[in-house]
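By convention in this document, chain letters (A, B, ...) are assigned in the order of the sequence lines, proteins followed by strands, and residues within each chain are numbered from 1.
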Number of protein chains: 2
Amino acid sequence: MDEIRYCPIGIVHSPLQAEDHVPPRPVRSRGIEAVVEVFPEYAEGLTDLEGFSHIVLLCHLHLSTGFSLTVKPPSDTVTHGLFATRSPRRPNPIALSVVRLQRRDGTKLHVIDADLIDGTPVLDIKPYFAATNAADEVRTGWREGKTN
Amino acid sequence: MDEIRYCPIGIVHSPLQAEDHVPPRPVRSRGIEAVVEVFPEYAEGLTDLEGFSHIVLLCHLHLSTGFSLTVKPPSDTVTHGLFATRSPRRPNPIALSVVRLQRRDGTKLHVIDADLIDGTPVLDIKPYFAATNAADEVRTGWREGKTN
C-alpha cells in the first residue's frame, strides 16, 4: 500500500528534554506545562479552540527508532503485543495526548499534562468531546499504573 | 520541517462505502460494525489486545482532499477554526476513532462504533485507558451534537 506523507503543523516546547525524562506512566505527566507552537500559516485554524478545556494532540515521535512486536510495559512484569501497549516505538510512531488547554496566545497553546519531548513535531490538533473521545464501561487488559 | 512518512499497518472493512455515508455526528455511528484487518507481518503485535473493551484507531483519511482553515460543522450554524472541529479535511488527515472491540479473530478485529469508510488505511492501534484517554471536567466550545 502507498506511503503516506505528512508535514508538521507545529512544534512542542516542553521541559522534557530527552526520551528518558518522559514519565513511563502518563498519570505522572499531570501538571507538566508545555507550549504547542502552531506555524503561522495555520493560525486561522485555531479560532475558537480556546473554548475547549481539553484538546487532543497527535504528534510524530521523532526520536522513536525501530519497534518490537512484543513489549514489556514499565508498569507490568509480562510482555504484551505492541498494539496492546502505549510504547512509543511503533511502526508509525504517532503519539496521542489528551491535554488541558490553559490558554491560547495567538499561535501558542499553553497546555498541561503533556508527556511530549521538547521539539516534538505536531501533526494535528482536535477538540476533545466526551461523547466521541471517551468510552463507557471500559475493561482493560492489563494495569497501566496504580491509578488505572 | 521534514516530511514524515508512514506506511499502513492494516485496512478497514466497513459498510460505509462513500464519504457522504459517514454520519456527520459521531454519536450516530453507534452500532456500525466494521472489521479492521491488520497485515500479517504485524500479527504478533495484536497479542492481548482482546483484553481491552475499547481500542483507539488512528487512520489515514485517504479520500480527504484539501482543507479550509475555517469550517462550519454540520451540527452548528457558525464557522469555527478547523482545529476546533473534527472536519475530515485537515492538513494531515488523521482520523481518531475510539471503538468497541467485540472480538479478535487472528488479524481481524471486529469493532463497533467505527465512523470509517471501507478501504481506509490504518496507521496505528492503541489500547484505550480511561486514565489517559478520557478527560475530567470537560468544557466544549460549541455543541457537536444534541448528546454533547
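With a threshold of 4.5 angstrom between heavy atoms, B:Thr79 approaches chain A through N, CA, C or O but not through any side-chain atom. At a 4.5 Å heavy-atom cutoff, B:Leu101 makes no contact with chain A through either its backbone or its side chain.
The two residues B:Tyr6 and A:Pro93 have their closest heavy-atom pair at CE2-CD, 3.8 Å. Closest of all the heavy-atom pairs between B:Ala134 and A:Ala134 is CB-CB, 4.1 Å. Contact record, A:Tyr128 with B:Asn133: CE1-O, 3.6 Å, taken as the closest heavy-atom pair. Across all their heavy atoms, A:Asp136 and B:His54 have their closest contact at O-CE1, 3.0 Å. The heavy-atom pair separating B:Pro127 from A:Phe83 by the smallest distance is CD-O, 3.4 Å. Closest non-hydrogen pair, B:Pro8 versus A:Ile4, comes out as CG-CD1, 4.0 Å.
Between the CZ atom of A:Arg5 and the CG atom of B:Asn92 there is a distance of 13.5 Å, given to the nearest 0.5 Å. Here B:His60 contributes atom NE2 and A:Glu3 contributes atom CD; the two are 11.5 Å apart, rounded to the nearest 0.5 Å. One distance of note links CG of A:Asp48 with OG1 of B:Thr85; it measures 10.0 Å at 0.5 Å rounding.
Chain A forms the most heavy-atom pairs under 4.5 Å with one residue out of B:Leu69, B:Leu96, B:Ile55, and that residue is B:Leu69. Contacts with chain B were tallied for A:Gly141, A:Gly45, A:Gly81, A:Ala84; A:Gly45 has the most, counting heavy-atom pairs under 4.5 Å. Looking only at heavy-atom pairs under 4.5 Å with chain A, the residue among B:Val56, B:Ile94, B:Val38 that has the most is B:Ile94. Per-residue heavy-atom pair counts under 4.5 Å with chain B were compared for A:Leu82, A:Leu49, A:Leu123, A:Val98, and the maximum is reached by A:Leu123.
The hydrophobic cluster containing B:Phe39 also contains B:Leu116, counting ILVMFWY residues as joined when their side-chain heavy atoms lie under 4.5 angstrom apart, directly or transitively. Hydrophobic cluster membership differs between B:Ile117 and B:Val35, with clusters built from Ile, Leu, Val, Met, Phe, Trp and Tyr side chains linked at under 4.5 angstrom.
Partner of A:Arg90 under the side-chain contact (heavy atoms from CB on, under 4.5 Å) criterion, chosen from B:Ile9, B:Asp124, B:Leu58: B:Asp124.
The closest donor-acceptor contact from the side chain of B:Arg86 to the backbone of A:Lys126 lies at 3.5 Å or more, if one exists at all. A donor-acceptor pair under 3.5 Å is formed between the side chain of B:Ser53 and the backbone N or O of A:Arg139.
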Determine, step by step, whether A:Tyr42 and B:Phe67 satisfy the side-chain contact (heavy atoms from CB on, under 4.5 Å) criterion, reporting the C-alpha distance in whole Å, the side-chain angles of both residues, the deciding distance to 0.1 Å, and the verdict.
CA-CA 11 Å; A:Tyr42 302 109; B:Phe67 63 89; 4.0 Å; yes

Take B:His80 and A:Thr47, measure what side-chain contact (heavy atoms from CB on, under 4.5 Å) needs, and give me the verdict at the end.
CA-CA 6 Å; B:His80 301 285; A:Thr47 308; over 6 Å; no

